[in-house]
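See below for the structure under consideration.
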Amino acid sequence: QVQLVESGGGLVQAGGSLRLSCAASGRTFSSYHIGWFRQAPGKEREFVAATSWSGGMTDYADSIKGRFTLSRDNAKNTVYLQMNSLKPEDTAVYFCASDPRWANMHLGPNYWGQGTQVTVSS
């Protein structure tokens, strides 16, 4: 089992950058895939990015490709989401999520953090 705690959210102007971190605990973290989802007010939760346990596979939503970069450090049990060129439409609560099955990273991971708010002002 994996426990996830996000940090790094905040308020930023359009065009700015933020880096989100997700600290994971649990002995099996290095064998779990991990990624990020987000939920904007009044909208459904949506997939943002995911990386495989080895880092060999990484997938991004079309809406953030070229602007966001996902990386993981298994030695630190931490995954990072570097967000550049932020837009007001990126405003959402960002959730870290993890699962041992890659397919579930898009369908619905079993483990979730509590989320961190990102607000991008125009």
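Below, each value reflects all heavy atoms present in this structure, side chains not excepted, and no hydrogens, waters or symmetry copies.
The shortest distance between side-chain heavy atoms of Val79 and Cys96 falls below 4.5 Å. In this structure the side chain of Ile34 reaches within 4.5 angstrom of the side chain of Leu4, judged on heavy atoms. In this structure, Asp59 and Phe47 have side chains that are in contact, with non-hydrogen atoms separated by less than 4.5 Å. At a threshold of 4.5 Å between non-hydrogen side-chain atoms, the residues Tyr94 and Gln39 do not count as touching.
Relative to the six-membered ring of Tyr80, Arg72 misses at least one condition, a distance below 6.0 Å or an angle of at most 45° to the axis.
Nearest heavy atoms, Leu11 versus Ser121: CD1-CB, 4.3 Å. In this structure, Pro109 and Ser98 approach most closely via the heavy-atom pair CB-O, 3.5 Å. Taking each heavy atom of Val2 and Ala24 in turn, the nearest pair found is CG1-CB, 4.0 Å.
Rounding to the nearest 0.5 Å gives a distance of 14.0 Å between NZ of Lys87 and OG of Ser122. Note that NE2 of His106 is 13.0 Å distant from CZ of Arg101, once rounded to the nearest 0.5 Å. Once rounded to the nearest 0.5 Å, the distance linking CG of Asp99 with CG of Asn104 reads 4.0 Å.
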Applying side-chain hydrogen bond (donor to acceptor under 3.5 Å, both in side chains), run through Asn84 and Ser17 and close with a yes or a no. CA-CA 4 Å; Asn84 298 327; Ser17 299; 2.9 Å; yes
Evaluation steps, side-chain hydrogen bond (donor to acceptor under 3.5 Å, both in side chains), between Ser25 and Gln3: CA-CA 5 Å; Ser25 60; Gln3 293 80 44; 2.9 Å; yes
For side-chain contact (heavy atoms from CB on, under 4.5 Å), just list the numbers for Met57 and Thr51, CA-CA rounded to whole Å, side-chain angles, deciding distance to a tenth of an Å, and then say yes or no. CA-CA 6 Å; Met57 291 189 294; Thr51 185; over 6 Å; no
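For an aromatic pair to be called close, the ring centres must be under 6.0 Å apart, and Phe37 with Phe95 fails this. Between Phe68 and Trp36, the gap from one ring centroid to the other reaches at least 6.0 Å.
The backbone N or O of Lys76 sits less than 3.5 Å from a side-chain atom of Asp73, completing a donor-acceptor pair. In this structure a side-chain-to-backbone donor-acceptor pair under 3.5 Å is present from Tyr60 to Leu70. Looking at Glu6, its side chain does come within 3.5 Å of a backbone N or O of Gly115 through a donor-acceptor pair.
Among Leu81, Asp90, Leu20, the single residue meeting the side chain to side chain contact (heavy atoms under 4.5 Å, CB included) criterion with Arg38 is Asp90.
No chain of hydrophobic side-chain contacts below 4.5 Å, direct or via other Ile, Leu, Val, Met, Phe, Trp or Tyr residues, connects Trp112 to Met105.
At a cut-off of 3.5 Å, with distance as the only test, a side-chain donor of Gln117 or Thr119 sits close to an acceptor on the other residue.
For CH2 of Trp102, the number of neighbouring non-hydrogen atoms (other residues, nucleotides, ligands) closer than 6.0 Å is greater than 12.
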